[in-house]
Amino acid sequence: MEQRALPLPAARLGRAVLTAGAAPEVSGVVLLLPDGGSDSGRRPSALSYAVRLPLARSLARAGQEDGLAVHVVRYRTRGWNADADPATDARWAADEVVRRYGDVPVCLVGHGMGGRAALRGAGHPAVSSVLSMAPWLPDDTEPGPEPVKQLAGRRVLIVHGTNDARTDPELSYRLAERAKKANRDTCRFEVHSDGHALRQHRAEVAALASDFVRGSLFGRPYARPVADAFAAPPPLGLRMPLAAGFGRALRH
């Protein structure tokens, strides 16, 4: 007797990451989208969720006075697959934010495969901004370019390590070039000598993410390098170096 495939479990939102002293009402939400693989129907590992928690806590601390809630999205599967499953899960998560919190702005923050999902999911009406870190993007062998029309009207920041051996930094640069033509509010930072995980300059990357999230969701002034990157024409605003000590400079 032929066995039927079991239906995929639903995507889920991890518990909201909040900090002591957080504003009582949620005024904006970050949805963190983990990395994954190209093809897999298996459930994501617990590690993929846990890896995103340090950044979730860093963002929650930075936005506690503004009413920021941060959720890590738990995908249905660990693969992108033929139907761009994580992008569908990102849009579902944005729907869930609207259901839970009402009409609040959403920032999609993704890494690797999650970076691509964040870019793809940007067309959801609740999404006002996208932070894509070391995004996994199709190369020239795939038919058709990655879409960028859905980025119109959003603030978009791409961050990529120049020594990334897993996802090609030049592919994210090419996408940023096309996105900038459709949406002037696009910029890209390069983290020199860093790899895919962006560990070598973790503090600077976290500070950049916090600055972008607070500026995009709550109207806080961007740090000068971020404001300059948005304003600069290509290629300058798409190859902006992330300076050592970026986070320390913001604290003084």
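Position 1 is the first residue of the sequence; numbering continues from there.
You'll find the side chain of Leu68 reaches within 4.5 Å of the side chain of Val213, heavy atoms only. The shortest distance between side-chain heavy atoms of Val148 and Asn183 does not fall below 4.5 Å. Between Leu55 and His111, the closest side-chain pair of non-hydrogen atoms is not below 4.5 Å. You'll find the side chain of Pro138 reaches within 4.5 Å of the side chain of Arg116, heavy atoms only. Thr162 places none of its side-chain heavy atoms less than 4.5 Å from the side chain of Pro169. Taking the side chain as every heavy atom from C-beta outward, Val51 and Asp35 never approach each other to under 4.5 Å. In this structure the side chain of Thr167 never reaches within 4.5 angstrom of the side chain of Leu137, judged on heavy atoms. Residues Asp89 and Leu33 are not in side-chain contact: their nearest non-hydrogen atoms beyond the backbone lie 4.5 Å or more apart.
Atom-to-atom distance recorded for Ser128:OG and Asp185:CG is 11.0 Å, nearest 0.5 angstrom. Between Arg184 atom CZ and Phe230 atom CZ the span is 11.0 Å, to the nearest 0.5 Å. The distance from atom SG of Cys187 to atom CZ of Arg239, rounded to the nearest 0.5 Å, is 14.0 Å. With rounding to the nearest 0.5 angstrom, the CE atom of Met113 is 8.5 Å from the CG atom of Asp85. Separation of atoms CG (Leu131) and CG (Leu119) is listed at 9.5 Å; rounding is to 0.5 Å. Within the model, atoms CZ of Arg120 and CG of Leu151 stand 11.0 Å from one another, a figure rounded to the nearest 0.5 Å.
Counting only residues at least two apart or in different chains, ring pair (Phe, Tyr, Trp, His ring centres under 6.0 Å) contacts with residues 163-194 are absent. Residue pairs meeting the side-chain hydrogen bond (donor to acceptor under 3.5 Å, both in side chains) criterion with at least one partner in residues 148-159, sequence neighbours excluded, are absent.
Panel note: side chain Asp164, backbone Arg166; a donor-acceptor pair is recorded below 3.5 Å. A donor-acceptor contact shorter than 3.5 Å is absent between the side chain of Arg52 and the backbone of Val73. In terms of modelled atom types and a separation under 3.5 Å, the side chain of Glu190 and the main chain of Met240 share no donor-acceptor contact. A distance-only check finds no donor-acceptor pair linking the side chain of Ser58 to the backbone of Pro54 [under 3.5 Å].
Of all non-hydrogen atoms in Ser132 and Pro135, the two that sit nearest each other are OG-CB, 3.2 Å. Summarising the geometry of Ala232 relative to Leu236, their closest heavy-atom pair is CB-CB, 4.0 Å, with the distance given to 0.1 Å. Nearest heavy-atom pair across Ile158 and Ala176 is CD1-CB, 4.0 Å. Of all heavy-atom pairs spanning Leu217 and Ser129, the tightest one is CD2-OG, 4.1 Å. Here the shortest heavy-atom pairing between Ser27 and Asp66 reads CB-O, 3.4 Å. Here the closest non-hydrogen pair linking Val17 and Ala60 is O-CB, 3.4 Å.
Residues Val191 and Val226 fall within the same hydrophobic cluster, defined by Ile, Leu, Val, Met, Phe, Trp and Tyr side chains chained together at heavy-atom separations under 4.5 Å. Side-chain heavy atoms closer than 4.5 Å link hydrophobic residues (I, L, V, M, F, W, Y) into clusters, and following such links, possibly through other members, connects Trp92 to Val106. The cluster map of Ile, Leu, Val, Met, Phe, Trp and Tyr, joined by side-chain heavy atoms under 4.5 Å apart, puts Leu59 and Phe218 in the same cluster. Residues Val127 and Leu13 share a hydrophobic cluster, clusters being chains of Ile/Leu/Val/Met/Phe/Trp/Tyr side chains in contact below 4.5 Å. Each of Leu238 and Leu171 belongs to its own hydrophobic cluster when Ile, Leu, Val, Met, Phe, Trp and Tyr are linked at side-chain heavy-atom distances under 4.5 angstrom.
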TODO: Please lay out, stage by stage, how Lys180 and Arg188 fare under the test side-chain contact (heavy atoms from CB on, under 4.5 Å).
DONE: CA-CA 10 Å; Lys180 188 76 173 179; Arg188 178 177 172 275; over 6 Å; no
- [ ] Report the C-alpha distance between Ser193 and Asn163 in whole Å, list the side-chain angles of each, state the deciding distance to 0.1 Å, and finish with yes or no for side-chain contact (heavy atoms from CB on, under 4.5 Å).
- [x] CA-CA 5 Å; Ser193 76; Asn163 288 358; 4.1 Å; yes
- [ ] Given side-chain contact (heavy atoms from CB on, under 4.5 Å), test Thr88 with Arg91 step by step and report yes or no.
- [x] CA-CA 5 Å; Thr88 300; Arg91 289 186 286 267; 3.6 Å; yes
Open item on the list: Set out, in order, the CA-CA distance, both residues' side-chain angles and the distance that settles side-chain contact (heavy atoms from CB on, under 4.5 Å) for Phe246 and Leu208, then state yes or no.
Closed with: CA-CA 7 Å; Phe246 181 88; Leu208 176 64; 4.1 Å; yes
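If you check the side chains of Tyr222 and Ser216, you find a donor sitting under 3.5 Å from an acceptor. Using modelled atom types, one finds a donor on one side chain and an acceptor on the other under 3.5 Å when comparing His124 with Asp95.
Contacts of Arg99 classified as side chain to side chain donor-acceptor pair (under 3.5 Å), with partners at least two apart in sequence or in another chain: Glu96.
Within a 6.0 Å sphere centred on CZ of Arg100, heavy atoms belonging to other residues, nucleotides or ligands number more than 12.
Using bins of under 30°, 30° to 60° and over 60° for the plane-to-plane angle, the ring pair Trp80/Trp136 lands in the perpendicular bin.
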